[in-house]
Visitor: 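Next up is a structure, given as structure tokens.
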Amino acid sequence: MADQPAHGSPRAGRPDPLRGLRGLSSVALTAAVSNAGGLGAYGLYGYSPERISATAAELRAATDRPVLLNLWVIDETDAAPDGAEPGAELLERVRPIFAELGVEVPTPPERYLPRFADQVDAVLEARPAAAGFVFGAPDPAAIDRLRDAGIVLVGTATTVEEAIALEGAGMDAIIASGAEAGGHRVSFLRPAEESLVGTFALVPQVADAVSVPVIAAGGVADGRGVAAAMLLGAEGVQVGSALLATSESAAPESYRRAISSERSRRTILTRASSGRLGRAIPNRMTEEVGEDPAPFPVQNWLTGAFRRVAAERDDAELMTLWCGQAGPLSELTDAASLVRRLAQQADELLSPVGV
């Protein structure tokens with residue numbers, strides 16, 4: 001979702017969105033998807049190199065099938081912005097939430113995020129079957145090192161222009177992430193607000209524009225979505241919100257129930273959670289934090305301090321409920337059953353047309 005949620009059907013996959021600073025990915029969910037025949041994916045936003053190594057080891061112990069590790073492409077000015085702090089007005093808006101949860105407003109750190117280059121080194125050492133990237137692509141030297149290690153590289157595009165740029169950078173496959181998708185809008189060539197192309201308009205255009213495989217993302221929650229994406233030229237799909245609703249997800253129970261309920265019929269594009277635009281179910285957090293955030297990643301660090309506690313307490317009103325527009329099609333089930341059902345439904349629909 002996000003970030004972007006999290007995994008693929010037997011056709012493909014990638015990680016999605018965040019729970020506080022801990023993320024929504026779980027070893028159990030990633031392994032379950034891979035073991036069921038999909039490509040399980042794990043999001044590494046904010047992970048130190050040591051934590052990446054430990055997570056990779058847990059994944060190897062949980063599955064012998066291929067997995068994808070996903071990174072945000074973050075430059076050093078984002079990871080350690082010079083003097084960036086939340087403004088006084090924002091602090092006044094969030095202070096009552098901190099007080100209600102019994103959490104102190106944190107002191108700004110020297111660094112908000114690990115160095116991206118160090119994360120790449122850790123992924124290279126872990127040698128997953130695939131590495132995914134959002135918000136752009138690594139530098140050419142890093143791409144060469146990853147490819148030389150035999151790692152398949154997957155980039156994420158929200159426009160045709162981004163897809164062409166990612167293919168030119170050396171990506172082996174492109175995720176075409178439509179505006180319906182939950183989690184962050186991972187645009188990198190133009191502002192996210194100018195890159196809101198719907199999935200089923202974006203997929204065929206990207207398929208026509210690039211020569212590498214295309215993976216459809218956004219609004220795919222059942223076999224009908226998988227089949228539609230294939231007919232439009234995709235060779236794989238990313239499933240996010242539907243997998244976040246499964247029992248193996250790291251999402252708390254109230255979050256999983258919100259995804260699979262009528263509540264998810266309404267989603268909004270908001271910067272309240274992280275400072276970057278993302279699609280979520282509106283709640284008290286989005287309303288009270290508002291749409292005048294601190295820059296990313298300062299906003300994500302600040303709200304993450306109380307979102308993490310809210311998640312531990314299963315308080316859906318003070319978490320970020322990343323969710324795509326197909327959330328109401330989701331069911332409270334287990335990941336393996338969902339993956340198998342998506343594949344079966346899609347095959348039944350595609351067989352008569354020979355796809």
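Small disclaimer: the values here were computed from a predicted structure and weren't measured.
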Visitor: Which atom names give the shortest non-hydrogen contact between A84 and V298, and what distance separates them?
Guide: CB-CG2, 3.6 Å

Visitor: Check the orientation of F135 and W72. Use parallel for under 30°, tilted for 30 to 60°, and perpendicular for over 60°.
Guide: tilted

Visitor: Rounded to the nearest 0.5 Å, how far apart are CG of L321 and SG of C323?
Guide: 8.0 Å

Visitor: With distance as the sole test, does Q345 use its side chain to make a donor-acceptor pair with the main-chain N or O of D222 at under 3.5 Å?
Guide: no

Visitor: Less than 3.5 Å apart, any donor N or O on the side chain of Y112 or D78 sitting next to an acceptor on the other?
Guide: no

Visitor: Is there a side-chain contact between L39 and V33, using heavy atoms and a 4.5 Å cut-off?
Guide: no

Visitor: More than 12 heavy atoms of other residues, nucleotides or ligands under 6.0 Å from CZ of R111: yes or no?
Guide: yes

Visitor: Please check this pair: side chain of S34 against backbone of P66, looking for a donor-acceptor N/O pair closer than 3.5 Å.
Guide: yes

Visitor: Hydrogens and angles aside, do R190 and S195 bring a side-chain donor and acceptor to less than 3.5 Å of each other?
Guide: no

Visitor: Within the 3.5 Å criterion, strictly below it, is a donor on S274 or Q299 matched to an acceptor on the partner's side chain?
Guide: no

Visitor: Examine distances only and state if a side-chain atom of S264 and a backbone atom of I259 form a donor-acceptor pair shorter than 3.5 Å.
Guide: yes

Visitor: Give a yes or no on this: more than 12 heavy atoms of other residues, nucleotides or ligands lie within 6.0 Å of atom CD of E287.
Guide: no

Visitor: By the definition side chain to side chain contact (heavy atoms under 4.5 Å, CB included), identify the one residue from V73, V154, N70 that meets it with F133.
Guide: V73

Visitor: Do L71 and F116 have side-chain heavy atoms sitting under 4.5 Å apart?
Guide: yes

Visitor: Hey, are D334 and S247 close enough side-chain-wise for a donor-acceptor pair under 3.5 Å?
Guide: no

Visitor: In Å, rounded to the nearest 0.5 Å, how long is the span from CD1 of I175 to CD of Q238?
Guide: 5.0 Å

Visitor: To check you understand the geometry: which heavy-atom pair defines the closest contact between A137 and I143, and what is its length?
Guide: CB-CD1, 4.4 Å

Visitor: Under a 3.5 Å distance rule, please check whether T246 uses its side chain to pair with a backbone N or O of L243 as donor and acceptor.
Guide: yes

Visitor: Between P106 and L302, what is the shortest heavy-atom contact and its length?
Guide: CD-CD1, 4.3 Å

Visitor: For residues N300 and R307, is any side-chain donor paired with an opposing acceptor at under 3.5 Å?
Guide: yes

Visitor: Just do the side chain to side chain contact (heavy atoms under 4.5 Å, CB included) check on R95 and V105 with the steps written out, would you?
Guide: CA-CA 7 Å; R95 206 176 295 278; V105 177; 4.0 Å; yes

Visitor: What do the steps show when you test I215 against I174 for side chain to side chain contact (heavy atoms under 4.5 Å, CB included), and what is the final call?
Guide: CA-CA 6 Å; I215 300 163; I174 307 294; over 6 Å; no

Visitor: Are R256 and E253 close enough for a salt bridge, meaning some N to O gap below 4.0 Å?
Guide: no

Visitor: Hydrogens and angles aside, do S53 and E125 bring a side-chain donor and acceptor to less than 3.5 Å of each other?
Guide: no

Visitor: Any side-chain donor paired with an acceptor under 3.5 Å for T158 and S187?
Guide: yes

Visitor: Measure the spacing between CH2 of W301 and CD of E85 and express it to the nearest 0.5 Å.
Guide: 7.5 Å

Visitor: Determine whether E89 and R93 satisfy the following criterion, salt bridge (charged side-chain N to carboxylate O under 4.0 Å, His left out), listing intermediate values before the conclusion.
Guide: CA-CA 6 Å; E89 184 178 338; R93 291 201 304 270; 3.5 Å; yes

Visitor: Decide, yes or no, whether a salt bridge links R341 with E331 under the criterion of side-chain N to carboxylate O below 4.0 Å.
Guide: yes

Visitor: Counting distance only, does the side-chain N/O of T270 pair as donor-acceptor with the main-chain N or O of T286 below 3.5 Å?
Guide: no

Visitor: Quick one: does any side-chain atom of S177 pair with a main-chain N or O of T156 as donor and acceptor, under 3.5 Å?
Guide: no

Visitor: Sub-3.5 Å donor-acceptor pair from the side chain of T55 to the main-chain atoms of R51, do we have one?
Guide: yes

Visitor: What is the minimum heavy-atom distance between A176 and V214, and which atoms define it?
Guide: CB-CG1, 4.1 Å

Visitor: Going by an N to O cut-off under 4.0 Å, is there a salt bridge joining R263 and E317?
Guide: yes

Visitor: Taking R224 for its side chain and A346 for its backbone only, find out whether a donor-acceptor pair lies under 3.5 Å.
Guide: no

Visitor: Is there a side chain to side chain contact (heavy atoms under 4.5 Å, CB included) between N283 and Y255 once you walk through the steps?
Guide: CA-CA 11 Å; N283 61 359; Y255 184 173; over 6 Å; no

Visitor: So, S273 and T320: side-chain donor and acceptor under 3.5 Å apart, yes or no?
Guide: yes

Visitor: Specify the closest pair of heavy atoms between G225 and V220, including all atoms of both residues, with the distance to one decimal.
Guide: C-CG1, 4.0 Å

Visitor: Rounded at 0.5 Å granularity, tell me how far CD1 in I97 sits from CZ in F306.
Guide: 4.0 Å

Visitor: Got a second to check how far R265's CZ is from I281's CD1, nearest 0.5 Å?
Guide: 12.5 Å

Visitor: How far apart are the C-alpha atoms of L318 and R284, what are their side-chain angles, what is the distance that settles it, and do they pass the side chain to side chain contact (heavy atoms under 4.5 Å, CB included) test?
Guide: CA-CA 6 Å; L318 294 177; R284 182 181 158 201; 4.1 Å; yes

Visitor: Between S25 and G43, is there a donor-acceptor pair closer than 3.5 Å when you use the side chain of the first and the backbone of the second?
Guide: yes

Visitor: State, with a plain yes or no, whether a side-chain heavy atom of V212 is found less than 4.5 Å away from one of M171.
Guide: no

Visitor: Going by side-chain contact (heavy atoms from CB on, under 4.5 Å), name the residues that satisfy it together with E193, two or more places apart in sequence or in a different chain.
Guide: P191, R271, L277

Visitor: Quick one: does S254's side chain get under 4.5 Å of M319's, heavy atoms only?
Guide: yes

Visitor: Would you say that L196 contacts R185 through its side chain, given a criterion of any heavy-atom pair below 4.5 Å between the two side chains?
Guide: yes

Visitor: Check whether any side-chain N or O of S351 sits under 3.5 Å from a backbone N or O of D347 as a donor-acceptor pair, and report yes or no.
Guide: yes

Visitor: Once rounded to the nearest 0.5 Å, what's the spacing between atom CE of M230 and atom CG of L232?
Guide: 11.0 Å

Visitor: For the pair Y42 and Y47, name the ring-plane relationship: parallel under 30°, tilted 30 to 60°, perpendicular over 60°.
Guide: perpendicular

Visitor: For residues 134-153, which residue pairs qualify under side-chain hydrogen bond (donor to acceptor under 3.5 Å, both in side chains), counting only residues two or more places apart or in two chains?
Guide: D121-R145, R147-D172

